[in-house]
Amino acid sequence: MVSFQERVFQVVKKIPPGEFLTYKMVAKLAGRPWAWRAVGNILNKNKNPKIPCHRVIRSNGRVGGYNQGMKKKIYLLKKEGIIIKHGKVAC
DNA sequence: CGTATGACGTGCA
DNA sequence: GTGCACGCCATAC
């Protein structure tokens with residue numbers, strides 16, 4: 001039995017380049033589909049650069065936030081091939 | 001143990 | 001389409 005946070009990290013680390021998941025998706029893959037709230041909290045407190053948390057966005061298409069700065073998150077996503085439009089993803 | 005917070009999501013105006 | 005308010009879970013204090 002591991003913490004929900006570790007479960008989320010494992011899922012996020014499995015996200016391939018050029019792809020992205022929503023907080024709800026990560027929560028579901030982590031085993032707590034209804035705990036997307038906690039997903040954001042965990043990633044927020046997480047400072048591990050090994051976690052591509054920039055590939056996790058909101059369900060409405062918004063990029064959401066980022067500990068290192070939303071600008072950095074958008075930059076990374078765009079560099080991966082994801083189109084960002086006015087702070088939104090592929091919309 | 002109880003309260004408050006937060007990188008959210010959905011509903012309504 | 002945008003903005004505000006409420007509800008939700010896990011973690012921190």
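Computed from a prediction, not measured in an experiment: that's the story for all the values here. Residue numbers start from 1 in every chain, and the chains themselves are labelled A, B, ... in the order their sequence lines are given, proteins ahead of strands.
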**Study point:** Interatomic distance, A:Q10 atom CD to A:Q5 atom CD [nearest 0.5 angstrom]
**Key:** 11.0 Å

Check your understanding: How long is the span from the CG atom in A:N48 to the NZ atom in A:K13, to the nearest 0.5 Å?
Key ->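 Taking CG in A:N48 and NZ in A:K13, the distance rounds to 7.5 Å.
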
Between atom [atom1] in [X] and atom [atom2] in [N], what is the gap in whole Å?
{"X": "A:L43", "N": "B:dC8", "atom1": "CG", "atom2": "P", "answer": "10 Å"}
{"X": "A:N46", "N": "B:dA7", "atom1": "CG", "atom2": "P", "answer": "14 Å"}
{"X": "A:N67", "N": "B:dC8", "atom1": "CG", "atom2": "P", "answer": "12 Å"}

Exercise for review: Taking A:S3 for its side chain and A:E6 for its backbone only, find out whether a donor-acceptor pair lies under 3.5 Å.
Suggested key: no

Check your understanding: Do the non-hydrogen side-chain atoms of A:I42 and A:F9 ever get within less than 4.5 Å of each other?
Key ->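 When only atoms from C-beta onward are counted, A:F9 and A:I42 do touch, with a gap below 4.5 Å.
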
**Study point:** Cluster link A:L21 to A:Y23, ILVMFWY, side chain under 4.5 Å
**Key:**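 A:L21 clusters together with A:Y23.
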
Review point. With hydrophobic residues grouped by side-chain heavy-atom distances under 4.5 Å, do A:V89 and A:V26 end up in a single group?
Key: no

Check your understanding: Which ones in residues 9-29 of chain A lie close to DNA chain C, meaning a heavy atom under 4.0 Å from one of its atoms?
Key ->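 Per residue number, the list is empty: none.
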
Mind listing the N/O atom pairs, protein and nucleotides 1-3 of chain B, below 3.5 Å?
none

Exercise for review: Grab the two heavy atoms, one from A:V8 and one from A:A30, that are nearest each other, plus how far apart they are.
Suggested key: CG2-CB, 3.9 Å

Revision key, fill the gap. Quick tally for nucleotides 8-13 of chain C: nucleotides whose base has a protein heavy atom under 4.0 Å get B, sugar-phosphate-only ones S, the rest -, giving BBBBS-

Check: residues 64-73 of chain A side-chain donor-acceptor pairs under 3.5 Å, at least two apart:
from  : atom 1 : to    : atom 2 : distance (Å)
A:N67 : ND2    : A:N44 : O      : 2.3
A:N67 : ND2    : A:N46 : O      : 3.3
A:K73 : NZ     : A:V56 : O      : 2.6
A:K73 : NZ     : A:V63 : O      : 2.6
A:K73 : NZ     : A:G65 : O      : 3.1

Which atom pairs, one a donor and one an acceptor, fall under 3.5 Å between side chains of residues 75-82 of chain A and the rest of the protein, sequence neighbours left out?
from  : atom 1 : to    : atom 2 : distance (Å)
A:E80 : OE1    : A:G18 : N      : 3.1
A:E80 : OE1    : A:R55 : NE     : 3.0
A:E80 : OE1    : A:R55 : NH2    : 2.9
A:E80 : OE2    : A:R55 : NH2    : 3.1

Point to revise | Pairing residues for A:R37 by the side-chain contact (heavy atoms from CB on, under 4.5 Å) criterion, not counting sequence neighbours | key: none

